[in-house]
2 protein chains.
Amino acid sequence: MSLRAALLALIEVAGPSSGYDLTKRFEGSLAHVWQASHSQIYPELNRMAADGLLEVEAEGPRGRKTYSITAAGRTGLHEWLTETKPEQRVRSEEALRAFLIPLLPREEALDLLKEELRHVEARRAELETLCEHASESDFGRYALERGLRQLAASRDWALWAIDRLQKSEEARTETARTPTGEL
Amino acid sequence: MSLRAALLALIEVAGPSSGYDLTKRFEGSLAHVWQASHSQIYPELNRMAADGLLEVEAEGPRGRKTYSITAAGRTGLHEWLTETKPEQRVRSEEALRAFLIPLLPREEALDLLKEELRHVEARRAELETLCEHASESDFGRYALERGLRQLAASRDWALWAIDRLQKSEEARTETARTPTGEL
DNA sequence: CGCAGCAATGTCAAAGTTGACATGTCGGCT
DNA sequence: AGCCGACATGTCAACTTTGACATTGCTGCG
């Protein structure tokens, strides 16, 4: 259902669009939040049209189809936003790795964390520029801000973890103990 | 592959375990990071055993099967951690909602945000207690900390968004303008 | 002209995920 | 004895998601 909501919202905001347009827009700021490729979007649009949420206007020289939102579509979107309780579960491979970090010997763990830190910084910089170019009232403004804050949290965590690992290494060196069981 | 890595790691850390054990452990701190139910875990364990990553020791009065990690399993886990580049895409329905917030009239948007804030605070409190009860060296310590920071970021974002919406409402009231197009 | 590249839509198999259904054991309580 | 809840494993249909394969029209370039 999330895909439907996203598509309805995109059409609601930008007006009648083609599947191609929507696919492109999914590659923009929305990509930080939800992903879908054309192979998922095209069939879904047709199903939504069949369900009366969208109206198709097929034409265009290259077989372009334009979908517009119907009253039913608008109602559906509103219902989804207000009456569906959000799925709180998050699945993040990065977080899973974080979970598994303690399995690695310190050196390797530190390398991984530093690598992660680089990635996060890169994405943050990217988002930051997007954020600057976005107008005050831009549609994706809220999501952008959210993404930025999440990334900042990831960065801070990585810094914390690196610090912690280095401290525990120092402690280990001082007391001259052998390391405990690692992978 | 993430499921495999998680299962290998859980067995690596806790020693030989049954599918039931692993299912329970997936409901613990790991649930904040990755989810899997027994219907996914049981078949996967058997596949992993067939692939030589695990060793089965079937017995126990209630048909309990105990899986232990093999050398190949350990290698596989290590490879996954160090040689696979992490999937950076995140899919979060909550974030998607954040994206769509501007579609709602202010009052409804505020209600949603406040609701979200409550949820986040509740989960944060829950994690916080988990964090306190966790020993310094607990396996899940890093993931727990990461989860806490993510939730804090979500909370701060919600507060920021509420503030922003209220400010824009004031501005609107002052200038006595009619609202722009909303859902 | 031919060709590359983008516009535009589609299908399909494979993999991942969920929730429901199914089954049987064991221990403790009434 | 009967029942409940925890232990323990499994299957299956439905749905979502991904990546590959496939096709056609238009546009600009050499």
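In what follows, every heavy atom counts, from backbone to side chain, and hydrogens, waters and symmetry copies are set aside. What you are looking at is a predicted structure, and each value in this text was computed from that prediction instead of being measured.
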Is the shortest distance from a Lys or Arg side-chain nitrogen in [X] or [Y] to a carboxylate oxygen in the other one below 4.0 Å?
| X | Y | answer |
| --- | --- | --- |
| A:Glu57 | A:Lys65 | no |
| A:Arg47 | A:Asp51 | no |
| B:Arg146 | A:Glu94 | yes |
| A:Glu107 | A:Lys114 | no |

Report the distance from atom [atom1] of [X] to atom [atom2] of [N], rounded to the nearest whole Å.
| X | N | atom1 | atom2 | answer |
| --- | --- | --- | --- | --- |
| A:Arg64 | D:dT24 | CZ | C1' | 16 Å |
| A:Glu87 | D:dC15 | CD | C1' | 14 Å |
| A:Leu7 | D:dT16 | CG | P | 12 Å |
| B:Ile41 | D:dC7 | CD1 | C1' | 15 Å |

Counting only side-chain heavy atoms from C-beta out, which of C:dC21, D:dC7, C:dG10 sits nearest to A:Lys65?
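Nearest to the side-chain atoms of A:Lys65, counting from C-beta on, is C:dG10.
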
So if I take every side-chain heavy atom of A:Trp34 and compare against D:dT11, D:dT17, C:dG10, which nucleotide ends up nearest?
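From the listed options, D:dT17 comes nearest.
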
Pair of N/O donor and acceptor under 3.5 Å linking D:dG19 base with A:Ser37 side chain
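Counting by modelled atom types and ignoring angles, no donor-acceptor contact under 3.5 Å is found here.
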
Presence of [X] side-chain N/O under 4.0 Å of [N] phosphate oxygens OP1/OP2:
| X | N | result |
| --- | --- | --- |
| B:Gln40 | C:dT18 | yes |
| B:Tyr42 | D:dT9 | yes |
| A:Asn46 | C:dT9 | no |
| B:Arg91 | D:dT17 | yes |
| A:Lys24 | C:dA8 | no |

Base, sugar-phosphate, or nothing for B:Thr23, non-hydrogen atoms under 4.0 angstrom?
nothing

With nearest nucleotide decided by heavy atoms, which residue, B:Ser39 or B:Arg89, maps closer to the 5′ end of DNA chain D?
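Whichever sits nearer the 5' end wins; that is B:Ser39.
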
